[in-house]
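Below is one structure, written out as structure tokens; the observations come after it.
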Amino acid sequence: MMSSQWSTKKSSILRPVLVSATMFVLGLALGACAPKVEAPAEIVIGASIPQSGVLAAFGSYEEWGYTTAVNEANTEGGVFLSEFDARVPVRLILYDDESRPEKATENTERLVLRDHVNALLGSATPPLVISGAVVADREGVPMVTGIAPIRAFLGATEQWTWVWDIFFDELKMTEQQFLTMDMVESNHKVALFTDNEQDGVVMGGLWEEKAPQFGYEIAYHASFPVGTTEYGDLIRRAQEAEAEIIIAQMITPDAIALWRQMQALDYRPKAAFFEKGGEPVDWWAAHEGAAQGTMVAGYWHPAMGFPGAAELRDRFEQETGQTYSQHIADTYAAALVLLDGIERAGSLDPEAINAAIAETDTTYVVGPVKFTEGAGAHAAVLPISMLQWQDGDLEVVYPADLATAELIYPLPPWSEVSD
Amino acid sequence: MTASTLIAGAINGLLLGGLYGIAALGLSMVFGVMRLVNVAHGELLVLAAYLNFFISRSLGIDPFLATLLVAPLLFLIGYALQGWVFNPVMQGGLEPPLLTAFGLSIIAQNLFIAVWKVNTRTITTGYTESGLKLLGVNVPLMYAVAFGMSLLLILGMHLFMSRTYAGKAIRAATQDPQTAQAMGVDVKRIYALTYAVGACTAAMGGTLIGMTFSFIPASGLPWLLKGFVVVVLGGMGSIGGTLAGGLLLGTAEGFGAAIVGTGYRDMIGYLIFLAVLVLRPRGLFGRAGSE
């Protein structure tokens, strides 16, 4: 009885074990014979950028930066995905957002829902970047962006999950500006000209807040819509407030109109900072001598010594015949961060890519990139310096250890710089 | 806010209003004669600015001199556009030409980007950034120049319309196209001529915009919107009214900006625009039935 019971028990135990073992062995054998999971034909990356409209100058640099990074990857056969043990070519889809936030939203939705992109790159300036970023976050598609100052970017939502920003910190920029102002003898009265875009609002608030700490007085603060062309009234008020230093945060066409009218109305500050608008080479081309000595905060200069910086500038200038802009570096780096993230993830799984981007800790052409700022650490802060237009080139004038030229101050009289 | 701020704002605005008038003149003419809302007018202004920029630079001549070359080019372009593009679609009512103009506007913007890239441009000379004192107020010289040009241009247009056969034919085609046709006026040719003359005025408008402010391929839209306000204010199709509308808009904007701030400048213009549309749809200087 006992034996019979045992034998029954033994056979009832052995049977499933034998079946499992057989299936395991068969499974291994079949697995060895089965073809590998086929690698995808391509990795699709999309970006909505301003190729027309008032921010089109940014878009042209972005297009070059993104395309160059993707072309480089494709030259090597694409991005290596360990899941498939294969290099997969990258296809970049670019749509024009016409410098309109609503178009950036529409384009990003199209990239995600119709083109089924695996990842996204950002547009330029906070209104456009954030419009696309909100879609990426909602749809769960990893996005890396630049050209969005981090406080404006981080302040747009409580918590980014899928979007990563690489740019400068407005607070550090503000501090640098006041420290640079200290090198200029003035009455410490500052006039602000800020447009009503997110970065204009954020920066305007920071300058107001920080000025007293650095011993400066915001004697006048002009705020106006993007696209304003007539600044006569604002200039007169700044003159009446006896401001000897001006700081402007506005797009290039508006900034050019403001500076021309300051010249016509004979308002000559001792130092002038034109954030955003004073950075593209268009600024110098529009004013030539009259732009001499104007300043703009910079997060990149070929002379800053980061790997590949000078070569990137040379490549851009040789390929396009244009003078470089710092935005070629940020966008090129943003694309590399994304491609490296995909390679580290080893697959096209969005969660894996997102996690890999979060782990970024590499020095790129713009400097060290490590996401540490904001809730969930979704922003990487780039080192900032103060640049000054000198004879058609942007030179680093602050901090001293990075300086490529001496600061020109005070600004020479209009009569000496007019062409 | 001081009295001097108000006076400065008003003088500044009045002078700038001259530029508004010139920029809107072609729009007003085309609407007055053909009832065509030419939403591509802003692109004509931008085209003129680009042509002047490159012609004056490459030939090393003053932008006003370059306008003598740009204006005939714009005339030919305008004549061809009306003759080949708009005339064939004008029989179908107001919508087909409006949509055609809209399409042209988009095509033109993309062409500007393709040909001249997206960079911000300005037309600069030794005097474009100069200023002068008027009644103790510093004003940009270019505003005063634009004001003077607007007076000259309006006078020239008045003489053209009243003293020349072409001008009289345009007026006849405006008032009663069928009768004008019956009397031997080639109305389609007159329409083409009107569009061409309107484009010619845009040559001066675009040049002044380029010399006074800056421009990019997308600059046409804000100037088109400003033009609409001027045309509605002055009365659609009225040449003198267009100048008056421009001056009124400029002064109201300048005065208003001095009181409530430059941030509300455009809003002031559009409030006046809405008020005129509601209270006097024919415009302040328009004839009855022109609305």
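Per chain, numbering begins at 1; letters A, B, ... match sequence-line order. In this text the structure is predicted, and so the values were computed from the model without any measurement.
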> Which bit of Ile123(B) comes within less than 4.5 Å of chain A, counting heavy atoms only: side chain, backbone, both or neither?
Replying inline: backbone
> For Ser219(B), is it the side chain, the backbone, both or neither that has a heavy atom under 4.5 Å from a heavy atom of chain A?
Replying inline: neither
How long is the gap from [atom1] on [X] to [atom2] on [Y], to the nearest 0.5 Å?
| X | Y | atom1 | atom2 | answer |
| --- | --- | --- | --- | --- |
| Arg236(A) | Ser4(B) | CZ | OG | 9.0 Å |
| Ile256(A) | Ile216(B) | CD1 | CD1 | 9.5 Å |
| Leu258(A) | Phe213(B) | CG | CZ | 12.0 Å |
| Leu6(B) | Asp233(A) | CG | CG | 9.0 Å |
| Thr228(A) | Asp266(B) | OG1 | CG | 6.5 Å |
| Asn119(B) | Asp282(A) | CG | CG | 4.0 Å |

>> Counting heavy-atom pairs closer than 4.5 Å to chain A, which one of Arg121(B), Met211(B), Lys117(B) comes out on top?
In response: Met211(B)
> Gly13(B), Ser130(B), Gly9(B), Ala218(B): which one forms the most heavy-atom pairs within less than 4.5 Å of chain A?
Replying inline: Ser130(B)
When the side chains of residues 245-256 of chain B are checked against the rest of the protein, which donor-acceptor pairs come out under 3.5 Å, sequence neighbours left out?
{"unit_1": "Thr251(B)", "atom_1": "OG1", "unit_2": "Leu247(B)", "atom_2": "O", "d": "2.6"}
{"unit_1": "Glu253(B)", "atom_1": "OE1", "unit_2": "Tyr20(B)", "atom_2": "OH", "d": "2.7"}
{"unit_1": "Glu253(B)", "atom_1": "OE1", "unit_2": "Arg265(B)", "atom_2": "NE", "d": "3.4"}
{"unit_1": "Glu253(B)", "atom_1": "OE2", "unit_2": "Lys226(B)", "atom_2": "NZ", "d": "2.9"}

>> Is there a side-chain contact (heavy atoms from CB on, under 4.5 Å) between Trp259(A) and Glu129(B)? Walk through the geometry before answering.
In response: CA-CA 9 Å; Trp259(A) 196 234; Glu129(B) 277 82 24; over 6 Å; no
Decide yes or no for [X] and [Y]: does some side-chain heavy atom of the first lie under 4.5 Å from some side-chain heavy atom of the second?
| X | Y | value |
| --- | --- | --- |
| Gln261(A) | Thr212(B) | no |
| Thr5(B) | Arg237(A) | yes |
| Leu16(B) | Glu230(A) | yes |

>> Applying a heavy-atom distance below 4.5 Å, give me the residues of residues 137-148 of chain B that approach chain A, sorted by number.
In response: Val137(B), Asn138(B), Val139(B), Pro140(B), Tyr143(B)
Can you give me every donor-acceptor pair (side chain of residues 50-61 of chain B, partner residue at least two apart or in another chain, under 3.5 Å) with its distance?
{"unit_1": "Asn52(B)", "atom_1": "ND2", "unit_2": "Pro63(B)", "atom_2": "O", "d": "3.0"}
{"unit_1": "Asn52(B)", "atom_1": "ND2", "unit_2": "Thr67(B)", "atom_2": "OG1", "d": "3.2"}
{"unit_1": "Asn52(B)", "atom_1": "ND2", "unit_2": "Thr207(B)", "atom_2": "OG1", "d": "2.8"}
{"unit_1": "Ser56(B)", "atom_1": "OG", "unit_2": "Asn52(B)", "atom_2": "O", "d": "2.6"}
{"unit_1": "Ser56(B)", "atom_1": "OG", "unit_2": "Phe53(B)", "atom_2": "O", "d": "3.4"}
{"unit_1": "Ser58(B)", "atom_1": "OG", "unit_2": "Phe54(B)", "atom_2": "O", "d": "2.6"}
{"unit_1": "Ser58(B)", "atom_1": "OG", "unit_2": "Ile55(B)", "atom_2": "O", "d": "3.3"}

>> Just checking Tyr270(B): does its OH atom have more than 12 heavy atoms from other residues, nucleotides or ligands closer to it than 6.0 angstrom?
In response: yes
> Taking all atoms of both residues into account, what is the closest heavy-atom pair of Ile113(B) and Ser52(A), and its distance?
Replying inline: CD1-CB, 3.1 Å
> Which bit of Pro280(A) is near chain B, if near means a heavy-atom gap under 4.5 Å: side chain, backbone, both or neither?
Replying inline: neither
> Using non-hydrogen atoms only, which part of Ser60(A) is less than 4.5 Å away from chain B: side chain, backbone, both, or neither?
Replying inline: side chain
>> I need the full list of salt bridge (Lys or Arg N to Asp or Glu O under 4.0 Å) pairs touching residues 56-68 of chain A, with sequence neighbours left out, sorted by first then second residue.
In response: none
> Between Ser214(B) (side chain) and Pro253(A) (backbone), is there a donor-acceptor pair under 3.5 Å?
Replying inline: yes
